[in-house]
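Here the structure comes first, spelled out in structure tokens, and everything after it is commentary.
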Amino acid sequence: MNRILTNMRETLNFGTTRNVQGKKAAMVDQENGVTISIKRNVLESYRNNHRELLKKGSTKYEPPHATTHSADGTKIPEFKPEDMENRVAGSISESSQVDIASSDNGEVKITLVCDSSRKFDFRRLNVDAVLEVVEEKFRERYGITNPEFSIKNLMKEFCQYYLEVTSYFNNDVILLPMYDSSKKSDSEVSPDDQKHKIPTNVTKKNPTFIEDMTRGEERNPISLVNEDGSLELPKFFYILKNTVYQNAYVNFSLARISDDNCCSNCFGDCLSEPANCACTRETRGKFAYTPGGLLEEKFLDECIAMNKSKTKNDYFYYCENCPLENVVEKKSLQKKRKRSNKYMCKGHLMRKFIKECWTKCGCGRNCGNRVVQRGITAKLQVFSTPQGKGWGVRTLQELEKGTFVCEYIGEIVTNMELYERNEERTTNDERHTYPVLLDADWASEGRLKDEEALCLDATSFGNVARFINHRCYDANLIEIPVEVETPDHHYYHIAFFTTRKVKANEELTWDYGIDFDDDTHPIKAFECKCGSHFCGMKNRS
């Protein structure tokens with residue numbers, strides 16, 4: 001709302017925005033003499049009329065008790081309510097005013113005041129007709145696609161919101177309780193890490209808007225909106241790349257990438273080359289991306305079908321020595337528990353990979369086969385969900401099917417480290433994000449050591465993807481493994497792509513692949529509130 005009002009102000013050439021002695025705010029078009037005022041049980045625009053009286057040389061007023069300054073530095077006395085009422089009553093005949101919107105009971109109103117004394121050719125028109133024209137201009141100029149968008153409803157909601165906020169703060173006017181995202185938190189962290197930490201010192205129950213929760217890390221700002229103030233701001237560090245916590249083995253080196261695993265002879269954009277390059281080996285000699293940066297529809301549909309397959313034998317691999325169960329066995333031995341058959345491997349979905357070009361390739365940074373590496377381009381927003389799911393992520397623009405949304409970023413930890421973290425968090429009753437296992441190609445990896453059986457944990461270090469909620473079966477995002485720096489598939493990137501066209505302001509979700517009946521999995525299931533007709537928890541027998 002704040003952004004739209006700011007854009008409206010620019011569209012109507014508003015020059016100043018002021019708060020007036022605790023009860024009123026106004027935006028003034030300095031060229032045409034038009035005032036849009038927001039008033040609360042007081043007469044509107046008295047300060048502007050007072051300025052006119054000063055310009056005409058009028059001095060017939062009582063000395064004020066307080067002063068303010070205009071843009072040119074001139075001192076402007078402020079009236080007591082009774083003084084103001086007399087002044088406005090004497091000049092109201094020269095103005096025409098139109099009520100635009102109000103709160104439910106009329107306590108706060110937005111009124112358009114046109115002052116004919118300033119040679120403004122005012123013609124009284126149908127307000128709804130004017131608002132319809134303005135709405136159309138806003139849709140075109142700012143790319144608003146939501147069919148329910150209405151300037152009138154927006155103004156009405158603003159009045160109601162203004163009333164609620166000012167009432168909450170004991171009648172002190174705060175047009176929008178904005179948090180200064182440039183202010184550092186007080187957590188005891190190193191100066192280098194401090195700049196990445198999301199602020200948490202915001203009063204609970206205070207509606208909050210953070211313009212860029214990434215602190216400038218992402219190229220495009222990602223805002224955070226806590227509309228009802230019911231949630232505490234998350235405590236984590238925003239990072240752009242996966243980072244090894246301690247024992248995870250991840251080896252990035254040019255020597256390990258053979259000539260067969262890169263396209264050193266390519267130049268410019270690989271997608272424009274007449275023959276496919278070596279980097280298409282994972283996708284059967286064809287690129288996974290279109291020239292427009294979307295996933296090829298056939299490739300995407302195959303990935304979706306594998307994800308939704310109800311026959312596990314088709315796409316699942318069952319380990320003889322499952323790293324997950326080996327961790328459980330080690331811990332059981334430490335605690336002198338007998339291992340049961342219920343800890344046998346439950347299977348791992350074998351996914352299709354995308355291989356992107358990298359440093360050893362001859363193509364450039366803008367190559368069409370480097371989509372995930374270029375980072376987030378979609379306009380995203382973190383918001384407090386109304387369904388009790390906590391934080392969620394929504395898109396602020398329409399997204400075509402196959403659009404890359406973001407990568408899942410977190411700490412790279414071993415399964416043993418994850419198991420120990422989960423035990424500690426359960427003991428301390430700590431909240432955490434849902435970790436992601438990097439098990440998409442365990443079938444080809446054979447027997448893995450603990451430092452090679454990896455997963456991503458975004459609880460303390462992560463990016464916007466940590467807020468994406470789960471939805472059973474029919475989520476609008478799908479995770480696809482992407483190989484970039486290393487041919488070893490025990491480490492890879494997790495990239496989210498849209499499974500269909502997604503409307504602006506629609507929440508983004510992905511299927512975590514949870515088995516709600518598996519009480520032995522190191523990543524514990526939660527109470528699902530996804531609302532899907534196919535919800536696994538709702539349909540449990």
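Since the model is a prediction, treat every value here as computed from it, not as a measurement.
- With values rounded to the nearest 0.5 angstrom, Phe287 atom CZ is found 13.5 Å from Glu282 atom CD.
- In terms of modelled atom types and a separation under 3.5 Å, the side chain of Thr243 and the main chain of Lys241 share a donor-acceptor contact.
- Here the side chain of Thr385 pairs a donor or acceptor atom with the backbone of Gly390 at under 3.5 angstrom.
- Under the 3.5 Å distance criterion, the side-chain polar atoms of Arg471 are left unmatched by any main-chain donor or acceptor of Thr509.
- The main-chain N or O of Glu132 is never found under 3.5 Å from a side-chain atom of Lys137 such that the two would form a donor-acceptor pair.
- For Thr414 and Asp450, the side-chain atoms include at least one donor-acceptor pair closer than 3.5 Å.
- Of the N and O atoms on the side chains of Glu417 and Asn247, at least one donor lies less than 3.5 Å from an acceptor on the other residue.
- Scanning all heavy atoms of the two residues, the minimum distance from Leu380 to Leu396 falls at O-CD1, 4.3 Å.
- Using a 4.0 Å cut-off between charged nitrogen and carboxylate oxygen, Glu296 and Lys286 do not count as a salt-bridge pair.
- Separation of atoms CZ (Phe353) and OG1 (Thr283) is listed at 12.5 Å; rounding is to 0.5 Å.
- Here Arg256 does not pair with Glu485 in a salt bridge; the nearest charged N to carboxylate O distance is not below 4.0 Å.
- Remark: of the listed residues Cys270, Ser264, Cys262, Cys262 is the sole one forming a side chain to side chain contact (heavy atoms under 4.5 Å, CB included) with Cys361.
- A distance-only check finds a donor-acceptor pair linking the side chain of Glu135 to the backbone of Ile151 [under 3.5 Å].
- Going from atom CG of Leu300 over to atom CD of Glu297 covers 7.5 Å, rounded to the nearest 0.5 Å.
- A donor-acceptor contact closer than 3.5 angstrom is absent between the side chains of Asp260 and Ser258.
- Checked for salt-bridge contact, Glu479 and Arg351 meet the test: a charged N lies under 4.0 Å from a carboxylate O.
- In the displayed structure, Phe252 atom CZ is contacted under 6.0 Å by more than 12 heavy atoms of other residues, nucleotides or ligands.
- The main-chain N or O of His490 is never found under 3.5 Å from a side-chain atom of Asp488 such that the two would form a donor-acceptor pair.
- Within 6.0 Å of CD on Glu302 lie more than 12 heavy atoms contributed by other residues, nucleotides or ligands.
- Taking CG from Asn226 and CZ from Phe209, the interatomic distance works out to 12.0 Å, rounded to the nearest 0.5 Å.
- Atom NZ of Lys360 is surrounded by more than 12 heavy atoms from other residues, nucleotides or ligands within 6.0 Å.
- Under a 3.5 Å cut-off, the side chain of Arg219 and the backbone N or O of Gly375 do not form any donor-acceptor pair.
- Using cut-offs of 30° and 60° on the angle between ring planes, the pair Tyr408 and Phe496 is perpendicular.
- Side-chain atoms of Arg466 do not come within 3.5 Å of backbone N or O of Gly410 as any donor-acceptor pair.
- Classified by interplanar angle (parallel below 30°, tilted 30° to 60°, perpendicular above 60°), the ring pair His348/Tyr317 is tilted.
- Proximity of a side-chain donor or acceptor of Asp212 to a complementary backbone N or O of Ile222 within less than 3.5 Å is detected.
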Practice item. Assess whether salt bridge (Lys or Arg N to Asp or Glu O under 4.0 Å) is satisfied between Lys501 and Glu400, documenting all intermediate values. Key: CA-CA 5 Å; Lys501 180 179 285 189; Glu400 294 296 326; 3.8 Å; yes
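- Judged by distance alone, with hydrogens and angles left aside, the side-chain atoms of Gln373 form a donor-acceptor pair with the main-chain N or O of Cys357 at under 3.5 Å.
- Atom NZ of Lys152 has 12 or fewer heavy atoms from other residues, nucleotides or ligands within 6.0 Å.
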**Item:** Worked verdict on His493 versus Tyr491 for ring-ring contact (aromatic ring centres under 6.0 Å, His included)
**Value:** CA-CA 7 Å; His493 297 262; Tyr491 172 77; 5.7 Å; yes
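- Salt bridge absent: Glu356 and Arg370 never bring a charged side-chain N and a carboxylate O closer than 4.0 Å.
- In this structure, Phe236 and Phe467 have perpendicular ring planes: the angle between them is above 60°, well past the 30° mark.
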